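Remember, it's a predicted structure, so these values are computed and weren't measured experimentally.
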Amino acid sequence: MNDFSRLSLTVNGIRTNQASKLATIFKEKLEAYSAVEEIPDHLANFFCKRASNKI
């Protein structure tokens, strides 16, 4: 959960051997969530870029 936004994004189905791919999977889930919630592209891109910097 992000403390600032209170966004909770659950990434399920991760196996032990996929731990190295977690950042990529998280970003894909964040992009999908942004599309479903119809978050404007400029904001979705900003969030994804920030997520990439934090991982």
Side-chain angles (χ1 to χ4, degrees):
M1 176 181 281
N2 181 297
D3 291 336
F4 182 70
S5 68
R6 299 291 183 207
L7 173 65
S8 177
L9 184 66
T10 303
V11 179
N12 57 1
I14 301 296
R15 306 219 189 295
T16 303
N17 62 347
Q18 294 176 313
S20 63
K21 298 177 185 177
L22 182 57
T24 302
I25 294 169
F26 175 81
K27 189 174 176 192
E28 290 171 0
K29 298 293 184 182
L30 182 59
E31 290 170 350
Y33 172 81
S34 297
V36 168
E37 291 296 324
E38 297 180 354
I39 295 173
D41 287 343
H42 72 281
L43 290 175
N45 291 336
F46 173 76
F47 296 148
C48 289
K49 184 176 181 181
R50 290 291 303 256
S52 294
N53 292 339
K54 300 288 182 186
I55 298 175

Would a hydrophobic clustering, with Ile, Leu, Val, Met, Phe, Trp and Tyr connected at side-chain separations under 4.5 Å, put Val36 with Leu30? no
Going from CD1 on Ile39 to CD on Glu31, what distance comes out if it is rounded to the nearest 0.5 angstrom? 11.5 Å
Straight-line distance of Tyr33 OH to Phe47 CZ, nearest 0.5 Å: 9.5 Å
